[in-house]
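Right, one structure below, let's go through it.
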Amino acid sequence: MTTEQTARAAAKADRRQSLLQAAARLFAELGFTSVRLEDLGAACGISGPGVYRHFPGKNAVLGELLLQVSRDLLTGAQQVVARQGPARGILAALVRFQADFAVAHRDVIAVQDREMRHLDAEARAEVVRLQRAYIGLWADQLVLVHPDEDHATAVFRAQAAFGLLNSTPHSVRRSPAEQSGRGALLERMALAALLAGPVGG
């Protein structure tokens with residue numbers, strides 16, 4: 001590949017990523033059904049038809065947005081777990097990882113919460129598979145932290161913590177100062193909930 005071809009490929013990848021970032025913001029603010037391809041293009045300085053050079057349609061943009069974030073979360077969690085160490089320490093690192101993500105990607109969380117139903121069947125199945133694998137990594141550590149509880153309870157704990165951490169579209173505004181303070185508080189609250197003993201224990 002020539003230098004010129006490499007530069008063109010890099011520019012195309014950058015434009016594609018810009019479209020995904022614009023889609024996250026617009027889908028979160030306006031809703032998937034209210035956003036047109038022309039809106040996505042305008043947000044990135046290209047025409048509506050120009051979007052087709054990167055995605056075959058609006059549903060494909062949504063699919064790639066949610067698939068990308070699901071892959072990134074799973075990869076990041078796998079890297080946390082791979083560091084090894086005590087389960088409590090790994091769990092704390094997973095909470096920090098998710099808290100940082102939730103604060104930095106409020107729009108994506110809002111889109112995932114509201115717009116999953118618009119994915120085509122194949123993309124939805126893959127997003128669900130990736131999410132289950134992500135939850136499974138948390139559950140594995142929770143079983144070690146709470147050896148008297150079963151795997152189903154560990155999954156419940158993880159999902160409840162995600163509900164708290166992923167409240168950022170509603171609980172955290174966009175100012176850097178608030179994001180920093182609220183993110184740290186969400187992290188402490190979520191970890192405390194995950195480490196809490198069973199009722200009556």
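With sequence neighbours left out, A192 forms a side-chain contact (heavy atoms from CB on, under 4.5 Å) with no residue at all. Remark: D120 engages no residue in a side-chain hydrogen bond (donor to acceptor under 3.5 Å, both in side chains) (not counting sequence neighbours).
Nearest heavy atoms, R83 versus A93: NH1-CB, 4.4 Å. The heavy-atom pair separating A28 from A110 by the smallest distance is CB-CB, 4.2 Å. Across every non-hydrogen atom of R124 and L119, the tightest pair is NH1-O, 2.5 Å. For the residue pair I135 and V155, the shortest heavy atom distance occurs at CG2-CG1, 3.9 Å. Between V145 and L195, the shortest heavy-atom distance links the atoms CG1-CD2, 3.8 Å. In this structure, A99 and L165 approach most closely via the heavy-atom pair CB-CD2, 3.9 Å.
For the pair Q141 and L94, the minimum side-chain heavy-atom distance is below 4.5 Å. The shortest distance between side-chain heavy atoms of L19 and V61 does not fall below 4.5 Å. Side-chain contact between Q98 and L73 is present, with heavy atoms from C-beta onward closer than 4.5 Å. In this structure the side chain of L137 reaches within 4.5 angstrom of the side chain of L74, judged on heavy atoms. You'll find the side chain of V80 stays beyond 4.5 Å of the side chain of R96, heavy atoms only. With contacts defined as side-chain heavy-atom distances shorter than 4.5 Å, the pair E64/R16 qualifies.
Surrounding CZ of R114 are more than 12 heavy atoms belonging to other residues, nucleotides or ligands, all under 6.0 Å away.
In this structure a side-chain-to-backbone donor-acceptor pair under 3.5 Å is present from E115 to F32. The backbone N or O of A102 sits less than 3.5 Å from a side-chain atom of T168, completing a donor-acceptor pair. A donor-acceptor distance shorter than 3.5 angstrom exists from the side chain of H146 to the backbone of L194, with no hydrogens or angles considered. Side chain of D39 to main chain of R36: a donor-acceptor pair is present (N/O by atom type, distance under 3.5 Å, no hydrogens or angles). No donor-acceptor pair closer than 3.5 Å links the side chain of K58 to the backbone N or O of L40.
Looking only at atom types and distance, the side chain of Q112 has no donor-acceptor partner in the side chain of N166 under 3.5 Å away. Q17 and Q68 share a donor-acceptor pair across their side chains, judged by distance under 3.5 Å alone.
The line from OG of S167 to CE of M189 is 7.5 Å long, rounded to the nearest 0.5 Å. Between the CG atom of L144 and the CD atom of E149 there is a distance of 12.5 Å, given to the nearest 0.5 Å. Note that the CG atom of L164 and the CD atom of Q159 stand 14.0 Å from one another [nearest 0.5 Å]. Considering CD1 of I46 and CD of E38, their distance stands at 11.0 Å, rounded to 0.5 Å. Separating the CD atom in Q131 from the CG atom in L66 is a distance of 8.0 Å, to the nearest 0.5 Å.
Between F162 and W138, the ring planes lie perpendicular to each other; the angle is over 60°, past the 30° to 60° tilted range.
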**Working for side chain to side chain contact (heavy atoms under 4.5 Å, CB included), residues D107 and F27** = CA-CA 8 Å; D107 290 339; F27 292 163; over 6 Å; no
**Asked** Is there a side chain to side chain contact (heavy atoms under 4.5 Å, CB included) between F156 and D150 once you walk through the steps?
**Response** CA-CA 10 Å; F156 167 78; D150 60 16; over 6 Å; no
**Asked** Do M116 and V128 pass the side chain to side chain contact (heavy atoms under 4.5 Å, CB included) test, and can you show the C-alpha distance, the side-chain angles, and the key distance before you say yes or no?
**Response** CA-CA 10 Å; M116 279 276 288; V128 169; 4.2 Å; yes
**Message:** As a quick check of understanding, evaluate side chain to side chain contact (heavy atoms under 4.5 Å, CB included) for T153 and V143, giving each step before the final call.
**Reply:** CA-CA 9 Å; T153 302; V143 167; over 6 Å; no
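Applying the side-chain hydrogen bond (donor to acceptor under 3.5 Å, both in side chains) definition to pairs two or more places apart or across chains, none involves residues 70-79.
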